[in-house]
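Down below is the structure, laid out as structure tokens.
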Amino acid sequence: MHKKIFSGVQPTGNLHLGNYLGAIKNFVNLQNDPNNNCIYCVVDLHAITVKQNPNELKKNIRETTAAFIASGLDYKKSIIFNQSLVSAHSEGSWIFSCVARMGWLNRMTQFKEKAGKDKEKASVGLYIYPILMAADILLYDATHVPVGEDQKQHLELSRDIANKFNLDFNSPDFLIAPEPLIQKNFARIMSLKDGMKKMSKSDPSELSRINLNDSSDQISNKIKKAKTDIKPLPDNEKELSGRPEAENLLGIYSSLSDQTLDKTIIEFSGKNFSEFKQKLASLVVEKIAPISYEINKLLKDVKFLDKVLNDGSEKANQIAQKKIENMKKIVGF
Ligand code: AMP
Ligand code: TRP
């Protein structure tokens with residue numbers, strides 16, 4: 001079957017190893033299957049649901065684009081664009097705001113996490129963030145959406161919106177309910193400083209994550225300082241229970257070397273962390289340093305990056321504009 005793939009990443013700071021292994025690496029694999037049509041979006045409208053510095057935002061939009069290309073996305077094979085250049089996303093989002101129910105949004109755990117204790121002070125945009133995400137996906141008739149595990153609930157909401165719109169407006173099959181594509185293994189990369197917390201852009205500790213634009217020295221240093229426990233590495237998967245840091249580091253090694261966790265465990269069973277960390281550091285450097293080099297090179301060519309986004313946005317606009325026009329007709333405008 002021909003798959004239509006859509007995914008987005010927020011331009012809100014350095015992309016890290018979690019973004020790469022949980023999402024972007026998958027984007028590249030999907031792109032390289034000739035049966036797929038892929039669209040990848042730098043979701044700047046989503047970024048402003050929390051306060052952004054305008055100059056930083058502009059820089060981060062280019063940096064995310066550079067990270068896409070440096071990781072292997074090819075603007076000749078995939079559409080790469082930024083959301084704010086295609087007005088249908090905002091328009092679709094409004095129509096879907098009138099389809100989605102308050103009760104659905106009130107269940108969204110990401111809002112609860114991001115808004116924290118002081119919900120009254122969160123932006124309304126942060127609350128309706130998943131509706132904009134539904135517009136992103138549904139405007140392109142995407143059939144499959146590669147995301148990290150944390151986005152599964154938002155994908156369910158997109159499906160609910162598609163189904164309710166089709167039902168409410170008696171337009172069966174007009175909107176396509178998308179399937180999430182979530183990696184089965186290593187779907188969640190954890191912080192290097194706390195195996196129970198997700199590796200995240202917003203963690204105040206730089207040592208908690210490996211950024212895609214870190215230098216080889218920074219990478220090695222962060223792996224060296226990564227939290228571990230005092231036991232040697234186990235000889236079977238069961239013994240990893242209750243050892244989140246060991247599990248995470250072995251998972252990173254497995255994911256980067258495209259091998260099963262079992263195989264990695266056998267490779268390092270009984271070894272101590274210092275020996276394993278040396279191997280891990282050289283593997284991460286081998287895989288990430290070329291991406292880092294390429295990001296920094298691309299960032300010097302702002303014109304090129306802007307052209308990729310502008311050209312991509314033109315192509316995206318052609319698709320999205322048609323869909324929103326049909327949607328408006330169906331709604332009765
Ligand atoms: P974000 O940085 O929140 O825009 O996320 C971009 C993509 O990376 C989404 O598909 C996330 O699910 C994924 N992602 C973010 N952090 C992690 C992580 N620690 N492990 C795995 N995937 C992640
Ligand atoms: N919400 C996603 C995240 O934080 C980003 C995103 C926005 C997205 N629109 C999307 C992902 C559409 C997939 C499809 O990671």
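First listed ligand is number 1; within each ligand, the first listed atom is number 1. Worth saying up front: this structure is predicted, and the values here are computed from it rather than measured.
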If the cut-off is 4.0 Å to any non-hydrogen atom of Val147, which atoms of ligand 2 fall inside it?
11 (C), 13 (C)
Just by distance, do the side chain of Arg209 and the backbone of Ser200 share a donor-acceptor pair under 3.5 Å?
yes
Within a distance under 4.0 Å of any heavy atom of Asp150, pick out the atoms of ligand 1 and give their elements.
11 (C), 12 (O)
Proximal ligand 1 atoms for Lys198, defined as those under 4.0 Å from one of its heavy atoms
19 (N)
Using distance alone, determine whether Gln151 and ligand 1 share an N or O pair under 3.5 Å.
no
Do you know which of Asp33, Asn26, Leu30 makes side-chain contact (heavy atoms from CB on, under 4.5 Å) with Ile5?
Leu30
From Asn213 atom CG to Leu15 atom CG, the distance as rounded to the nearest 0.5 Å:
8.5 Å
What do you reckon, does Pro146 have a nitrogen or oxygen under 3.5 Å from a nitrogen or oxygen of ligand 1?
no
Between Lys263 and Ser254, a side-chain donor and acceptor under 3.5 Å
no
Among non-hydrogen protein atoms, atom 21 (C) of ligand 1 lies closest to Ala187 O, 3.1 Å
Of Asn14, Ile223, Ile189, the one forming a side-chain contact (heavy atoms from CB on, under 4.5 Å) with Ile210 is Ile223
Ligand 1 to Met199, heavy atom cutoff 4.0 Å, flagged ligand atoms 16 (N), 18 (C), 19 (N)
heavy-atom search around atom 5 (C) of ligand 2 in the protein gives Gly8 O, 3.5 Å
Hey, is ligand 1 close enough to Glu149 that some N/O pair sits below 3.5 Å?
no
Could you see which bit of Leu132 sits under 4.0 Å from ligand 2, with heavy atoms only: side chain, backbone, both or neither?
neither
For ligand 1, which is the ligand I care about here, please tell me if Ile189 has any N or O atom under 3.5 Å from one of the ligand's N or O atoms.
yes
Are Lys279 and Glu267 within salt-bridge range, i.e. N to O under 4.0 Å?
no
Side chains of Glu239 and Asn236: any donor to acceptor distance under 3.5 Å?
yes
Under 4.0 Å, heavy-atom basis, I'd like to know which part of Asp150 is in contact with ligand 2: side chain, backbone, both or neither.
neither
To the nearest 0.5 angstrom, please state how far the NZ atom of Lys114 sits from the CG atom of Leu126.
6.5 Å
Atom OG in Ser123, atom CD1 in Ile128: separation rounded to 0.5 Å?
8.5 Å
Hey, is ligand 1 close enough to Gly8 that some N/O pair sits below 3.5 Å?
no
Would you call Ser191 a ligand 1 contact, heavy-atom distance under 4.0 Å?
no
At less than 4.0 angstrom from any non-hydrogen atom of Val43, what atoms of ligand 2 do you find?
7 (C), 9 (N)
Using a strict 4.0 Å threshold on nitrogen-to-oxygen distance, state whether Asp306 and Lys303 make a salt bridge.
no
Select one of side chain, backbone, both or neither to describe which atoms of Arg188 lie under 4.0 Å from any atom of ligand 1, heavy atoms only.
backbone
Within the 4.0 Å heavy-atom shell around Gln10, which atoms of ligand 2 are there?
4 (O)
Which atoms of ligand 2 have any heavy atom of Phe6 under 4.0 Å away?
12 (C), 14 (C)
Ser7: numbered ligand 2 atoms lying under 4.0 Å from its heavy atoms:
11 (C), 13 (C), 14 (C)
Rounded distance [0.5 Å steps], CD1 in Ile324 versus CD1 in Ile95:
4.5 Å
If two hydrophobic side chains count as joined below 4.5 Å and joins carry through other members, does Leu132 share a cluster with Tyr127?
no
The closest protein heavy-atom partner of atom 7 (C) of ligand 1 is Ala23 CB, 3.7 Å
Distance under 4.0 Å to a non-hydrogen atom of His46: what atoms of ligand 2 satisfy this?
7 (C), 9 (N)
Atoms of ligand 1 under 4.0 Å from any heavy atom of Gly22, numbered from 1 in the order shown, are 21 (C), 22 (N)
Cation-pi check, Lys277 onto Tyr253 ring (under 6.0 Å, within 45° of axis)
no
Note: ligand 2 atoms sitting under 4.0 Å from heavy atoms of Val145 are 13 (C), 14 (C)
Could you check atom 22 (N) of ligand 1 against the protein and tell me its nearest heavy-atom contact, residue, atom and distance included?
Gly18 O, 3.2 Å
Does a side-chain N-to-carboxylate-O contact under 4.0 Å join Asp258 and Lys25?
yes
Which residue owns the protein heavy atom closest to atom 5 (O) of ligand 1, what's the atom, and how far is it?
Asn19 ND2, 3.4 Å
Salt-bridged, Asp194 to Lys227, with N to O below 4.0 Å?
no
Looking only at protein heavy atoms, what sits closest to atom 3 (O) of ligand 1 is Gln10 NE2, 4.3 Å
Give a yes or no on whether Lys315 atom NZ has more than 12 heavy-atom contacts from other residues, nucleotides or ligands under 6.0 Å away.
yes
How far is atom 9 (N) of ligand 2 from its nearest protein heavy atom, and which residue and atom is that?
Asp136 OD2, 2.7 Å
Report yes if Gly148 has an N/O atom closer than 3.5 Å to an N/O atom of ligand 1; otherwise report no.
yes
Atoms of ligand 1 less than 4.0 Å from His16 heavy atoms?
16 (N)
re atom 2 (O) of ligand 1, the protein heavy-atom contact at minimum distance is Lys201 NZ, 2.9 Å
Do you see a donor-acceptor pair shorter than 3.5 Å between the side chains of Thr260 and Asp262?
no
If you measure from each non-hydrogen atom of Ser7 to ligand 1, which part falls under 4.0 Å: side chain, backbone, both or neither?
neither
Are the side chain of Arg243 and the backbone of Lys231 linked by a donor-acceptor contact shorter than 3.5 Å?
yes
Which protein non-hydrogen atom lies closest to atom 4 (O) of ligand 2, naming both residue and atom, and how far is it?
Tyr129 OH, 2.8 Å
Identify, for atom 2 (C) of ligand 2, the protein heavy atom at the shortest distance, and state residue, atom and that distance.
Gln151 OE1, 3.4 Å
Enumerate the atoms of ligand 2 whose separation from the nearest heavy atom of Ile137 is less than 4.0 angstrom.
12 (C), 14 (C)
Is it true that Glu91 and Lys328 make a salt bridge, defined as a side-chain N closer than 4.0 Å to a carboxylate O?
yes
